[in-house]
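Contents: one structure, followed by commentary.
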There are 2 protein chains.
Amino acid sequence: MSSNGFELPLRLLLAFRTLIDELHTELARQGHPDIRPMYGFVLQAIGPDGTTAVELGRTLGVTKQAAGKTIDTLERIGYAERTTDPRDSRRKIVRITPRGMDALDRSARIFDALRARWAAELGEERLQALESDLRRMTPGNPWRLDTPGWFGTL
Amino acid sequence: MSSNGFELPLRLLLAFRTLIDELHTELARQGHPDIRPMYGFVLQAIGPDGTTAVELGRTLGVTKQAAGKTIDTLERIGYAERTTDPRDSRRKIVRITPRGMDALDRSARIFDALRARWAAELGEERLQALESDLRRMTPGNPWRLDTPGWFGTL
DNA sequence: CCTATATAGTTAACCAGGTTGTCTATCGTG
DNA sequence: CACGATAGACAACCTGGTTAACTATATAGG
């Protein structure tokens, strides 16, 4: 069956989905029940220095309006906040709140734990080979995902 | 960097997305410009013998209403059709049209070609190891994806 | 100095694909 | 034959996208 080209994409998706599901189960247990898969990516994309709606949209590969809506949501649930830029009053700097940082830190730790589980199951060597192979077959910068909603545009 | 747990899910998603993008570029070139990523999965889930909305929903892990909407779309663009079941007039059997079959056949061939490219790049042995590892870390039946829209519900 | 152009952000209308809840028609069984 | 279960359709709503239009501010040029 490994010669069936249909399986490869399916397994990649399934593996991703499995990891994300496990992450969110654990995140919910640790006090972040209303976080959704993409929020982690978005917070990561905002970065420690903050960003603006236009820039975030550019990073994520969506329109500034879509980025703005996402920021609205993140703000509403307390993971990000908008502040004005004193040097350009058109701009509003989006920053991650302490609660957002907490979610991000926990995500990182949970992902590490999940990776460790994979390593225990497959062996560190095989897992490193897998990661290296995936790195080889995918574009360089993993942040330019165009992810949020690209599967919605399915 | 391979010890950073964040990278694994990202690369899995990116790899999936890359394959799907390449598939659709090629599919568009071969006369199926308006097919969308999930249609292939859905057609696959419908299968050669047809199915019903309820059953399709069960297979894909979505509600029968969502399955019904998807069937509407597939019908509108000519990839599927509804026929009534003579033995149970409540049921409507959804069948793949010849055009739908054409898309499915081409998808299979394109996926095989993409897999061959991976094999050429990584070596057949490494690729088989990768597939086998992914199989080991994901649930058994790849069809029970819960895929359509799960990332929309992101 | 003052006008023209570019940029940041917001709002509105729409779309796709999901959800829940409700309703109708048909099947099948006690 | 009546009643419960099942198939499908419809409506209202949610989320996360899109395009288009508008406001406010910044900046460069004549």
Side-chain angles (χ1 to χ4, degrees), chain A residues 17 20 24 34-43 45-46 50-77 79-95 145-154, chain B residues 13 17 24 34-43 45-46 50-77 79-95 145-154:
Chain A
R17 181 171 159 55
I20 295 293
H24 282 84
D34 31 342
I35 210 166
R36 314 270 238 95
M38 61 167 284
Y39 297 169
F41 291 114
V42 177
L43 289 177
I46 291 172
T51 185
T52 67
V54 168
E55 206 176 291
L56 181 60
R58 206 136 38 204
T59 305
L60 296 174
V62 299
T63 59
K64 60 179 180 174
Q65 293 92 325
K69 280 194 199 181
T70 304
I71 296 167
D72 287 345
T73 309
L74 250 25
E75 208 172 20
R76 186 173 43 75
I77 61 175
Y79 286 87
E81 59 188 356
R82 284 181 171 101
T83 60
T84 53
D85 183 339
R87 292 180 312 193
D88 183 341
S89 56
R90 288 172 307 176
R91 305 175 77 224
K92 293 192 183 167
I93 313 291
V94 182
R95 287 214 169 67
L145 308 156
D146 302 302
T147 294
W150 79 265
F151 206 80
T153 309
L154 203 65
Chain B
L13 174 59
R17 179 170 161 57
H24 282 86
D34 32 341
I35 210 165
R36 314 270 238 94
M38 60 167 285
Y39 296 170
F41 290 115
V42 176
L43 289 177
I46 291 172
T51 185
T52 67
V54 168
E55 207 176 291
L56 181 61
R58 206 135 39 203
T59 305
L60 297 175
V62 298
T63 59
K64 60 181 180 173
Q65 293 91 327
K69 279 194 198 181
T70 303
I71 296 166
D72 288 344
T73 308
L74 251 24
E75 207 172 21
R76 186 172 43 77
I77 61 175
Y79 286 88
E81 60 189 355
R82 283 181 170 100
T83 59
T84 52
D85 184 340
R87 293 180 311 192
D88 183 343
S89 55
R90 287 172 308 177
R91 304 175 77 223
K92 293 193 183 168
I93 312 291
V94 182
R95 287 214 170 65
L145 309 156
D146 303 302
T147 293
W150 79 263
F151 206 80
T153 310
L154 203 67

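Just so it is clear, the values below take in all heavy atoms, side chains as well, and ignore hydrogens, waters and symmetry mates. Chain letters run A, B, ... following the sequence lines, proteins first and then strands; every chain starts at 1.
Taking only side-chain nitrogens and oxygens, A/Arg91 never comes nearer than 4.0 Å to OP1 or OP2 of C/dT10. Contact between the side-chain N/O atoms of B/Ser89 and the OP1/OP2 oxygens of C/dC27 is found at a separation under 4.0 Å. When the side-chain nitrogen and oxygen atoms of B/Thr52 are compared with OP1 and OP2 of D/dG8, one or more of them lie within a distance under 4.0 Å. Using a 4.0 Å cut-off, some side-chain N or O of A/Arg82 falls inside it from OP1 or OP2 of C/dT10. Between D/dT15 and A/Thr70, no contact under 4.0 Å exists linking OP1 or OP2 to a side-chain N or O.
Following rounding to the nearest Å, A/Asp72 (CG) and D/dG16 (P) show an atom-to-atom distance of 11 Å. Spacing between atom CD1 of B/Ile77 and atom P of C/dA16 amounts to 11 Å, rounded to whole angstrom units. Taking atom CG of A/Leu60 as the reference point, atom P of D/dG17 lies 8 Å away to the nearest angstrom. As a whole-Å value, the separation of B/Lys92 NZ from D/dC10 C1' is 12 Å. A/Arg87 places its CZ atom 16 Å from the C1' atom of D/dT25, with the value rounded to the nearest Å. Taking atom CZ of B/Arg90 as the reference point, atom P of C/dA25 lies 14 Å away to the nearest angstrom. If you take CD of B/Gln65 and P of D/dT6, they are 15 Å apart, rounded to a whole angstrom. Atom NZ of A/Lys69 is separated from atom P of C/dA12 by 12 Å (rounded to the nearest Å).
Among the nucleotides D/dG8, D/dT25, C/dG9, the one closest to the side chain of A/Asp88 is D/dT25.
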Check: For A/Thr73 and A/Tyr39, what are the C-alpha separation, side-chain angles and deciding distance, and is it a side chain to side chain contact (heavy atoms under 4.5 Å, CB included)?
Finding: CA-CA 9 Å; A/Thr73 309; A/Tyr39 297 169; 3.2 Å; yes
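Contact annotation for A/Ala66: base contact, defined as any heavy-atom pair under 4.0 Å involving a base atom. Among the protein residues, B/Thr63 comes within range of the nucleic acid bases, having at least one heavy atom under 4.0 Å from a base atom.
B/Tyr79 pairs in a side-chain contact (heavy atoms from CB on, under 4.5 Å) with only one of the listed residues (B/Val42, B/Leu43, B/Ile46), which is B/Leu43.
The shortest side-chain heavy-atom distance between A/Leu56 and A/Ile71 falls under the 4.5 Å cut-off. No side-chain heavy atom of B/Arg76 sits less than 4.5 Å from a side-chain heavy atom of B/Asp72.
Atom OG1 of A/Thr52 sits about 9.5 Å away from atom CG of A/Asp85, to the nearest 0.5 Å.
Among residues two or more places apart in sequence or in another chain, the side chain to side chain donor-acceptor pair (under 3.5 Å) test is passed with B/Gln65 by none. Legend: residues meeting salt bridge (Lys or Arg N to Asp or Glu O under 4.0 Å) with B/Arg90, ordered by chain and number and at least two apart, are B/Asp88.
With the end axes of the helix from C/dC1-D/dG30 to C/dG30-D/dC1 each set by five pairs, the angle from one to the other reads 0° at 10° resolution.
Between B/Ile93 and A/Arg76, the residue anchored nearer the 5' end of DNA chain D, judged by the nucleotide with its closest heavy atom, is B/Ile93.
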